[in-house]
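Because only heavy atoms are used, hydrogens play no part in the values below, and waters and symmetry mates are left out as well, while side chains stay in. Both counts, for ligands and for their atoms, begin at 1 and track the order of listing.
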Amino acid sequence: MNPTLETIMNHRSIRKFTDEKLTEEEIHTIVKAAQMASTSSYVMAFTIIGVTDKEKKAQLRAVSGQPYVEDNAHLFVFCADLKRIHDQSSKDETVLTSLQSTEAFIVATVDASLAAQNAVVAAESMGLGICFLGSLRNDIRRTSEILNIPEYVIPLYGIAVGYPDHKPEQKPRFPIPVVYHENGYAQDEREQKQLLTEFDERIKDYYDSRSENQRLDTWTNQMDRKYSKLTRMDVTQYVQGQKLNIK
Ligand SMILES: Cc1cc2nc3c(=O)[nH]c(=O)nc-3n(C[C@H](O)[C@H](O)[C@H](O)COP(=O)(O)O)c2cc1C
């Protein structure tokens with residue numbers, strides 16, 4: 001396996017970090033790697049906020065409820081950002097409608113996420129560990145307030161980075177035929193169901209035997225729990241209040 005594949009295949013989320021900080025050069029390397037991701041029509045519709053202020057980190061931890069939002073070597077917050085284009089544009093009705101469309105919103109969230117995953121691979125290739133933090137959307141308005149987020153910008157998630165202070169087992173992924181279908185979406189629903197049943201058995205063993213946070217669970221049960229309650233329903237209104245995804 002080449003070193004790039006080794007880095008990618010070795011991924012696991014890290015939630016405990018040593019006290020070692022990142023140098024400015026390391027931070028810039030990660031940001032530059034993020035910037036080199038492909039970007040739809042060259043829009044580069046994202047901004048990365050590095051949070052170093054202790055008070056702000058504590059406030060963001062309170063939003064998320066997760067200690068590693070505060071206890072890490074560096075915290076990046078990835079934002080979908082159409083403000084630059086808005087501010088540079090002629091602001092005629094058509095431009096505003098374009099920027100406020102679902103399509104533009106998808107472009108910005110995809111752009112930010114491609115950049116984020118590039119940042120992750122870069123960080124992991126440097127021996128660092130990472131954890132994405134969607135929990136900053138537990139109260140997206142508060143996160144937005146803490147980070148002075150303007151209209152046309154959405155804070156999507158954080159990424160906590162630092163030197164790993166634990167080595168969790170890797171979480172298994174679906175077998176390839178679940179996620180890779182040839183020549184169209186898979187038609188054989190029974191086969192897909194069977195694959196997921198087998199996967200659930202595997203996941204049961206994984207949760208039962210892992211060294212940290214053991215429990216009795218399956219992927220299906222986890223999804224059932226997650227989607228049987230309404231969470232973060234305020235995000236829709238927040239995004240629209242930011243003037244995005246309304247046309
Ligand atoms: C967009 C996004 C948001 C996430 N948010 C959180 C989070 O708030 N807290 C957390 O502990 N993990 C979070 N994760 C990490 C996932 O739980 C983790 O990637 C997944 O369970 C697979 O585990 P692995 O990364 O160790 O392979 C997030 C991952 C993504 C991609």
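Protein heavy atom nearest atom 18 (C) of ligand 1, with residue, atom name and distance: S13 OG, 3.6 Å. Atom 6 (C) of ligand 1 has as its closest protein heavy atom F132 O, 3.0 Å.
Contacts with ligand 1 closer than 4.0 Å are made by no heavy atom of P168, backbone or side chain.
Note that R141 lies outside the cation-pi zone of Y238, set by a 6.0 Å cut-off to the ring centre and a 45° limit from the axis.
When each atom of ligand 1 is checked for a heavy atom of G134 under 4.0 Å away, the hits are 3 (C), 4 (C), 5 (N), 6 (C), 7 (C), 8 (O). Proximity to Y68 (heavy-atom distance under 4.0 Å) selects the following atoms of ligand 1: 9 (N), 10 (C), 11 (O). Here is the list of ligand 1 atoms found below 4.0 Å of a heavy atom in C131: 10 (C), 11 (O), 12 (N). Each of the atoms 8 (O) of ligand 1 lies under 4.0 Å from some heavy atom of S135. Shown in contact with L133 at under 4.0 Å from a heavy atom are these atoms of ligand 1, numbered in order with element: 5 (N), 6 (C), 7 (C), 8 (O).
Between F174 and F199, the gap from one ring centroid to the other is short of 6.0 Å.
Residue nearest to atom 9 (N) of ligand 1, selected from Q66, K171, H11, R12: Q66 (by heavy-atom distance). In this structure, of R137, R173, R15, the residue bringing a heavy atom nearest to atom 27 (O) of ligand 1 is R173.
T7 has its side chain out of reach of L5: every pair of non-hydrogen atoms, C-beta onward, lies at least 4.5 Å apart.
Follow the hydrophobic side-chain contacts under 4.5 Å out from V239 and you reach I146 in the same cluster. Residue V110 is not grouped with residue V43 when hydrophobic side chains (ILVMFWY) are merged at heavy-atom distances under 4.5 angstrom, including chains of intermediate members.
There is a side-chain donor-acceptor pair under 3.5 Å between R84 and T47. Of the N and O atoms on the side chains of D200 and T220, at least one donor lies less than 3.5 Å from an acceptor on the other residue.
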